[in-house]
Amino acid sequence: MKQVRMIDGRTFTPSKIIGIGLNYSEHITEMQSKRTSEPVIFLKPNSAVCSLYEPVPIPTNRGAVHHEIELAVLIGKSGFNVSEQEAPEYIAGFGMALDLTLRDIQKKAKERGHPWAIAKGFKNACPVSDFFPKKQFNNPQKLELKLTVNGTIRQHGNTEQMLFKIPELIAYVSKFFPLEPGDIILTGTPSGVGPLTPGDIIEAEIEGIANIQTKCVSWNHVE
Ligand code: MG
């Protein structure tokens, strides 16, 4: 099973990665979607986890692969149906993730009313940074996110723009899925998503978490 690291040396094995869709209004606009009254949820399996400190493997024959930079919340203790007030107690720390998305496949799935499982859950669809203990953050709801590809800024937002805030997301998710230590919640992406191809240089930064430069490689290249 894939593991993620905290900078204090602890390791966690995510039983699941819970993605939140459409949580920034400008991204909803660029997706030609509509704001929802409840969070949009999808899952990635443990096998989607890979390291942002390594080259990012990109599938090359499955249509467009889009980057989505996101604040990742690492869950530190078990819980079910937790309240918004209790939600912060369940957070171990924060990290940075790319919610890689097979956009053409997702578009088809949306048109047909089919699940997004392949579009969001394929191998290596969730490169993540190390995680940092929550005590290091004064306000995780006010962090700049920035992603450049080959030196051009594609995404630039702030976690204050989230429509559903972190405690709301944890409470909502936990109505359906028991939270387990190591689980990761991806909190949604600001606007500016776009395609990646092998050879692209990505620079991903979330204020107070990480600034990582990495390269996209062909998926086959690493198999
Ligand atoms: Mg996303």
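Indexing begins at 1, ligand by ligand and atom by atom, following the structure's order. Quantities reported herein were computed from a predicted structural model and do not represent experimental measurements.
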Distance, nearest 0.5 Å, that separates OG1 of T36 from CD1 of I28 |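 Between T36 OG1 and I28 CD1, I get 6.5 Å after rounding to 0.5 Å.
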Give the atom name of whichever N/O/S atom in [X] sits closest to the Mg ion (ligand 1).
X   : result
E70 : OE2
E68 : OE1
D99 : OD2

Contacts of F94 that satisfy ring pair (Phe, Tyr, Trp, His ring centres under 6.0 Å) - sequence neighbours left out = F137
Using the salt bridge (charged side-chain N to carboxylate O under 4.0 Å, His left out) rule, collect all pairs that involve residues 105-121, keeping only residues at least two apart or in two chains.
-> E68-K120, D99-K120, K107-E111
Side chains of H156 and E144: do they bring a donor and an acceptor to under 3.5 Å?
->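 Yes, because at least one side-chain N or O of H156 sits under 3.5 Å from a partner of the opposite role on E144.
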